[in-house]
Colleague: 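Here you go, one structure.
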There are 2 protein chains.
Amino acid sequence: MKEGKPATIKEIAKRLKISPSTVSRALNDHPSIGLVTTMRVKKVAAELNYEPNQTAIFFKQRKTFTIGVVLPSLSEPFFSAAISEIENVAHEEQYTVIMGQSLDDPERELRILQTLKTHRVDGILMSIGKNTRDYRFIDLLESAGIPIVFFDCVPDLDNINKVMSELETGMLEAIDIFVSCGHHAISLINGPELLPASIERKNAYIKGLQKNNIPYREEYIVHTDLTPEGNEAAILQLLALPDRPSAVVSFNDYVALDVMMTVRQRGLTLNQDIHFISYANYPLWKYMENPPMASIEQFPGDQGRKAAALLFDLIKTPGRKEPVKVVFNSRLINQV
Amino acid sequence: MKEGKPATIKEIAKRLKISPSTVSRALNDHPSIGLVTTMRVKKVAAELNYEPNQTAIFFKQRKTFTIGVVLPSLSEPFFSAAISEIENVAHEEQYTVIMGQSLDDPERELRILQTLKTHRVDGILMSIGKNTRDYRFIDLLESAGIPIVFFDCVPDLDNINKVMSELETGMLEAIDIFVSCGHHAISLINGPELLPASIERKNAYIKGLQKNNIPYREEYIVHTDLTPEGNEAAILQLLALPDRPSAVVSFNDYVALDVMMTVRQRGLTLNQDIHFISYANYPLWKYMENPPMASIEQFPGDQGRKAAALLFDLIKTPGRKEPVKVVFNSRLINQV
DNA sequence: CTGTTAGCGCATTCAT
DNA sequence: ATGAATGCGCTAACAG
């Protein structure tokens, strides 16, 4: 029984010689429809292989049961962990997920948002790209009535919903651990100097030193543009210092991977000559022979899950609310 | 200027005192509309902040400019690499991507497909889960007129479009390399015995041995259920053999990670006492101190890209075509 | 409990 | 070159 055109409500109404609206109501288990008619309708619907035309429903209901997710990258483990959890939450809520990766290109990011808007998604989850400076899109979405929740990489604004990992706790823990292991020469390999995430790390780093009465030495902070070459240059800069650090906190795991490889290649022994702790975005250290001493975990899955939950909250109760800000504590794990 | 309700074609028609149909045509650069009117329409449209209601267009055109992607997992590097490329192709084609992860659960897989169907996606890309046995959904989608292209993990059927990586070439290369390095005791840590992917590996393995005149020894093939415990059990089984293998091909990188860790823990030296090559689905070996000798690469990104291209081909020229089968050669890389 | 009517926003056929 | 009319499939307000 090939269904050339999918059956519509009209056809099943004609078959039963009742009105389309009755059919519609029966199909939706409307209370005011008799049990018998409801059953008859459903029976014929099944026979005709009826399937509601969602595009029509979306159109009529002004609702798509779809959320949009905008991320810098889909292939980075941090984000794929996040989106995996987001998909899970959406699936529980009977929503579907439509997504785009900005690749840190602000223009592409905007185009994706535009697409999501024209697709009339019911809400958006977003982690902004490294180079995004223009936040005007937020007002546009707001005036279009599309709620948006930022997570992980969030704009530095107050009147938005965001879920993020606070970077300080983990940094303080890391420095404490280093100190308690006898290190005083503690470095920070930071990201691009102007990135909010870098600034936060730097402040936490300085605070951690102060807390342990270790003088802050400017040359112990180096910067990388997060490319492999930049990472290598950063560590070499540290290694070239007259009193090179014995402990290093690195911007994230990718930086740590490059940096640790370079260190090995220079003949130094990891976890002996020099020790590392990094902000985690990469889960497989346990397989390494010489992993970092510890990682500062940022829980991408939890962030994604929480952000999604928040978004569904906004979707379901659209009343203008106070912006919500959820901060996860970063935490040291995998201590060896 | 808050736009309470987004502007519609009607309103801009009223403003200009022309008919909605003219506006519609003007907006779509219909040739039969005068240049002046077109411009006036566009101007007012811009002023009113007009945006076409895609849900209405989808409904009317019976086309959503959306493709669905169904994968076992979004957080596995292999698949996130694939979906990242898929998103890229879709973005080029001005399509959006809606996706779901089956988590290898056939029921969830079906529910996702159902959702994609009711969402009226224009086409589907799919990599099936490990436990999927029932392929009837293919006919359902076909009769609904939704083209589908399988990739990576594809059903063993002839009349479908598929993009896959053939596993033999890489296995033969791997065994050749092992032999040329002087190994004769070459093992295979295979996946679940009945998995098509396992069977293919096994056949290739045997063929590779024959080619090199090495007798096939049944005890040199062990199986894992792909859990960490299963992986560990598998390698221990090999290590316990009277003449334990000096070279091992493993089902994939995750298996390799576990078994190599176990091997280390037992005091053996990697790349000395025992050597590994694995099917790649994990890209960061270069950072390991003792990576496998080589990896058999399956090019997830290329597969995704090709599958997407194929799908758009089907979407654009809907004529019933012969099913297409694209096979990528697996290839040995990262030889140390 | 059920039928009638209307309309969501747009593209399109048929007029003019 | 433009307008009027129609309908996509469905839901819902308003009758009865």
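A note on names: the letters A, B, ... follow the listed sequences, proteins ahead of strands, and every chain is numbered from 1.
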Colleague: Check the phosphate of C:dT2 against A:T37, side-chain N and O only, distance under 4.0 Å to OP1 or OP2. Yes or no?
Modeller: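 For C:dT2, OP1 or OP2 has a side-chain N or O of A:T37 closer than 4.0 Å.
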Colleague: Using a 4.0 Å heavy-atom cut-off, does A:T8 contact any base of the nucleic acid, only the sugar-phosphate backbone, or nothing at all?
Modeller: sugar-phosphate
Colleague: Looking for any heavy atom pair under 4.0 Å, which part of the strands does B:P20 touch: base, sugar-phosphate only, or nothing?
Modeller: nothing
Colleague: Using a cut-off of less than 4.0 Å, is there contact between a side-chain N or O of B:S24 and OP1 or OP2 of C:dC10?
Modeller: no
Colleague: Does the separation of the ring centres of B:F312 and B:Y95 fall below 6.0 angstrom?
Modeller: yes
Colleague: Using a cut-off of less than 4.0 Å, is there contact between a side-chain N or O of B:N53 and OP1 or OP2 of C:dC8?
Modeller: no
Colleague: For B:F58, report the nucleic acid contact type (base, sugar-phosphate, nothing); a contact means any heavy atom under 4.0 Å.
Modeller: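 Counting heavy atoms under 4.0 Å across all strands, no contact is made by B:F58.
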Colleague: Rounded to whole angstrom units, what separation is found between the CG atom of B:L16 and the C1' atom of D:dG3?
Modeller: 14 Å
Colleague: What's the NZ-P distance between B:K17 and D:dG3, to the nearest Å?
Modeller: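 Rounded to whole Å, this separation is 12 Å.
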Colleague: Check the orientation of A:F58 and A:F65. Use parallel for under 30°, tilted for 30 to 60°, and perpendicular for over 60°.
Modeller: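 Taking A:F65 first and then A:F58, their aromatic rings sit tilted (interplane angle of 30° to 60°).
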Colleague: Verify the neighbour count for atom CZ of A:R108: are there more than 12 heavy atoms of other residues, nucleotides or ligands below 6.0 Å?
Modeller: yes
Colleague: Heavy-atom count check: over 12 atoms from other residues, nucleotides or ligands less than 6.0 Å from B:K63 NZ?
Modeller: yes
Colleague: Tell me the interatomic distance from A:R25, atom CZ, to D:dA12, atom P, rounded to whole angstroms.
Modeller: 10 Å
Colleague: Give the rounded distance in Å between these two atoms: NZ of B:K63 and C1' of C:dA11.
Modeller: 16 Å
Colleague: Does OP1 or OP2 of C:dC8 have a side-chain N or O of B:K10 closer than 4.0 Å?
Modeller: yes
Colleague: For C:dC1 and A:S32 - does any side-chain N or O of the residue sit under 4.0 Å from the phosphate oxygens OP1/OP2?
Modeller: no
Colleague: B:K14 NZ to D:dT2 P: how many Å, rounded?
Modeller: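 B:K14 atom NZ is separated from D:dT2 atom P by 21 Å.
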Colleague: Got a sec: does the CZ of A:R15 have more than 12 other heavy atoms crowding it under 6.0 Å?
Modeller: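 Open.
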Colleague: Without decimals, in angstroms, what is the distance between A:Q61 CD and D:dC10 C1'?
Modeller: 8 Å
Colleague: Going by 5.5 Å between centroids and 30° between planes, is there a stack of A:F59 over D:dC10?
Modeller: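 It does not: the ring fails the test against the base of D:dC10.
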Colleague: Round to the nearest Å and state the distance from A:R62 atom CZ to C:dC10 atom C1'.
Modeller: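 Answer to the nearest Å: 13 Å.
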Colleague: In whole Å, what is the span from the CD atom of B:Q54 to the C1' atom of C:dG9?
Modeller: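 Value for this atom pair: 12 Å.
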